[in-house]
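Here's the structure we're looking at; comments come further down.
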Amino acid sequence: MSSVLASSLVHAEQFKGVDGQTVELGPPKRVVAVNSSLVEILFGLGKGDTIVGTDVGGTYPPEQEKIAKVGHPYHPSVEGIVSLKPDLVLATEENLTPATAAQLRSARIPVLILENSAKDGIDGLKRRIDVVARLFNVQEAGKRMTQELDKQCAELGKKSSAVKKKPRILFLYAHGPGEAFVYGKDTGVHVLIELAGGQNAADFTTGTKVLTAEGMVLASPDAIIMLNRGLEAVGGIDGALKLPGVALTPAGRNKKILAVDNSIRWVGPRFPQFADAIFTAIHAKPQQ
Amino acid sequence: MRSLSSESISRSGEHVSTALGKRTKGLLVLVPLLVLCVVTSLGVGAVSITPAQVVSILLEQVGLPPFTTFTEQQAAVLYAIRLPRVLLGVLVGAALSVAGVALQGLFRNPLADPGLLGVSGGASFAVAAVTVLKLQLLGFYTLPVAAFVGSFVAILLIASLAQENGKTNVAMMLLCGVAINALCVSGTGLFTYLSTDDQLRTLTFWQLGSLAGATWTLVSTITPLVLLCAVGMLFLANPLNALLLGEANAHHLGISVERTKWKIVALVALGVGAGVAVSGMIGFIGLVVPHLIRLWLGPNHRVLLPLSALLGSALLVLADLVARTVVVPSELPIGIVTSLAGSPFFLYLLLRQRRTHVL
């Protein structure tokens with residue numbers, strides 16, 4: 001017992017969050033991870049079994065379904081988190097407001113705030129993997145994970161540079177047939193499009209804009225990406241083709257409407273795989 | 001009308017004594033109810049704390065020896081998270097209910113509530129504006145302060161627009177309230193349309209209402225405002241009673257009608273502005289609670305005001321308890337709970353009243 005204690009003390013280290021708040025701890029044993037990307041990183045590093053709570057936003061891996069849910073990814077319940085007796089709450093800036101983090105800290109729960117998952121794309125992802133790996137003292141696994149990412153990205157880069165024209169791709173976030181948002185250039189989706197060798201057909205930088213028929217025609221995308229649940233909500237490909245302006249674009253004419261995983265907005269370890277699938281789908285011959 | 005007022009004046013001695021009797025009766029029911037709700041709410045939640053532990057933790061906070069064991073975590077949850085949250089519920093519930101009583105009295109209309117007068121609408125508009133325009137002037141307190149200023153400006157605007165030859169036209173005020181409210185709603189809509197994903201989420205959560213952000217700082221900030229509203233309104237109980245007879249009759253009874261109206265408007269803006277500022281939009285409490293007390297113990301404001309404050313507190317604490325326990329370890333926005341429980345109940349009340357020919 002004493003040796004276990006000693007070894008955990010040896011690894012106690014200071015970690016500074018992006019909110020300027022520091023936590024000092026050894027490898028955590030009970031973590032509440034708010035953010036699907038962090039959950040995927042933890043499972044990828046073989047530390048998925050330390051997660052005792054997460055938000056409702058995750059879909060991967062299947063094991064995360066069984067973990068207690070502490071609420072909306074942007075609005076988790078403070079008491080819910082405390083009741084799980086975590087020795088660390090791991091989240092990104094967008095998931096915990098400063099006030100929520102302060103409430104958790106007032107209940108003496110260490111909170112480490114990392115960069116937003118869409119920040120700096122794959123580089124930002126590698127930085128988050130690095131912090132998590134150091135937290136859990138599994139630097140080797142962390143290094144393997146980032147090397148794997150580099151490898152996959154390099155392969156993607158080779159593939160897409162072999163194609164002369166960069167296809168114009170648009171991301172549509174839809175809740176139902178009546179409404180959809182287009183995602184701009186500071187989002188995780190933009191990273192995905194670039195990685196897939198495309199260019200974002202949305203010409204604006206910040207955030208999202210409501211889809212209009214004329215805006216869609218003007219953007220003239222070769223392919224449109226939607227979330228699985230969004231595509232389902234509008235009634236599949238046929239429903240998507242009925243969204244304002246879509247039928248008038250090259251994407252609409254060629255029925256290049258691609259569905260991606262619901263957790264796509266959190267830039268996580270599976271990002272190159274998603275991008276690869278999109279690359280393949282875009283360059284597939286149109287079915288007759 | 002005249003005979004009613006002279007009758008009520010001639011029987012004023014009897015009137016006061018029955019009012020006191022009713023108030024005592026109400027207090028005997030509602031004080032224990034509030035205490036019960038508060039104690040239950042303190043103990044129940046994602047982290048469970050027994051009543052004995054609740055008392056022990058509180059004793060320890062004031063430096064007395066605890067009489068039962070509890071974990072440090074339980075103490076932290078109770079003192080740092082749950083107690084401020086329950087107290088916030090007490091304060092906001094009281095503020096919304098007292099404001100509801102006052103507005104219903106002022107307009108002699110049982111459907112008047114803070115939402116109708118643009119008080120909540122103004123707050124909502126201001127919150128949407130600062131969120132979307134990224135006016136983070138006051139850090140943490142930007143949203144609360146904006147909500148407060150928004151509701152205050154809305155109600156001042158309405159009250160001034162309703163001025164007519166130096167007098168406030170109450171019917172005009174109600175209509176102005178509806179118009180300003182509509183303006184605020186479209187303004188909020190415009191900002192919602194312009195908002196980014198993150199901002200949209202902030203707005204949505206704020207509009208659903210929640211006591212989850214409760215901290216000691218927030219509680220201590222709004223306590224004086226709510227107390228001022230509630231206690232100040234108690235002093236207006238008699239003028240409010242007189243206003244029920246109509247402005248002319250109230251004037252003949254020696255009430256300074258103009259001054260009373262301005263006092264009511266200012267106190268409502270103060271209480272609701274503070275409440276909305278820290279908890280977002282919480283519907284129905286201000287509408288339903290005064291109704292319940294009026295049906296139970298009659299329309300005397302000396303009874304109505306204090307008892308509505310108590311019942312409003314108890315119901316909001318209870319609603320918050322439901323909000324944070326039904327989907328543990330997650331939680332619901334409280335506005336959903338109050339409207340979900342409040343609307344069917346309100347419909348039932350209306351239908352029952354119609355059957356007994358009150359409406």
Side-chain angles (χ1 to χ4, degrees), chain A residues 32 34 52-57 67-87 92-109 116 118 171 173 175 179 181-184 186-189 204-210 212 265, chain B residues 41 44-49 71-85 132 134 136 139-144 192-202 204-206 208 210-218 278 280 320-321 323-333:
Chain A
V32 169
V34 189
V52 292
T54 182
D55 60 83
V56 296
I67 300 172
K69 299 287 183 276
V70 294
H72 195 281
Y74 295 104
H75 217 248
S77 151
V78 172
E79 258 200 50
I81 294 176
V82 176
S83 72
L84 298 168
K85 299 191 170 64
D87 53 9
T92 69
E93 236 178 334
E94 59 206 316
N95 304 114
L96 291 185
T97 61
T100 312
Q103 279 181 312
L104 284 167
R105 287 179 180 129
S106 70
R108 284 165 213 158
I109 290 183
N116 277 344
F171 181 81
Y173 185 86
H175 297 289
E179 44 164 355
F181 295 88
V182 178
Y183 269 54
D186 62 346
T187 58
V189 169
F204 53 94
T205 315
T206 46
T208 62
K209 278 191 179 172
V210 177
T212 63
R265 63 184 149 170
Chain B
S41 198
V44 181
V47 177
S48 72
I49 309 171
T71 65
E72 198 188 337
Q73 189 138 72
Q74 283 174 318
V77 165
L78 182 79
Y79 191 72
I81 296 173
R82 213 176 280 167
L83 190 55
R85 185 167 179 161
V132 174
K134 297 183 182 153
Q136 292 295 328
F140 273 11
Y141 295 102
T142 311
L143 281 196
T192 308
Y193 184 81
L194 294 174
S195 66
T196 65
D197 245 21
D198 296 357
Q199 294 165 344
L200 185 64
R201 266 191 305 275
T202 309
T204 310
F205 282 124
W206 188 84
L208 290 174
S210 174
L211 299 177
T215 58
W216 281 112
T217 327
L218 280 187
V278 294
D320 186 50
L321 178 64
R324 61 191 169 78
T325 50
V326 281
V327 288
V328 153
S330 180
E331 69 179 56
L332 289 175

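The chains referred to below are lettered A, B, ... by the order of the sequence lines, with proteins before strands, and numbering in each begins at 1.
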What residue, out of [options], has the most heavy-atom pairs lying under 4.5 Å from chain A?
options: B:Q74, B:E72, B:R324, B:R85; answer: B:E72
options: B:G213, B:G45, B:S210, B:P84; answer: B:G213
options: B:A76, B:S48, B:P333; answer: B:A76

* Interatomic distance, A:F181 atom CZ to B:L200 atom CG [nearest 0.5 angstrom] -> 6.0 Å
* Spatial distance of atom NZ (A:K85) from atom OG1 (B:T71) [nearest 0.5 Å] -> 6.5 Å
* To do: Under 4.5 Å, counting heavy-atom pairs only, tell me which of A:R108, A:H75, A:E94 racks up the most with chain B.
  => A:H75
So which part of [X] gets closer than 4.5 Å to some heavy atom of chain B, the side chain, the backbone, both or neither?
X: A:L104; answer: neither
X: A:Y183; answer: side chain
X: A:T100; answer: neither

Of the non-hydrogen atoms in [X] and [Y], which two are nearest, and what is the gap between them?
X: B:A212; Y: A:Q103; answer: O-NE2, 2.8 Å
X: A:A107; Y: B:Q73; answer: O-NE2, 4.1 Å
X: A:S83; Y: B:V47; answer: CA-CG2, 3.4 Å

* Asked: Can any side-chain N or O of A:E79 pair as donor or acceptor with the backbone N or O of B:V328 at less than 3.5 Å?
  -> no
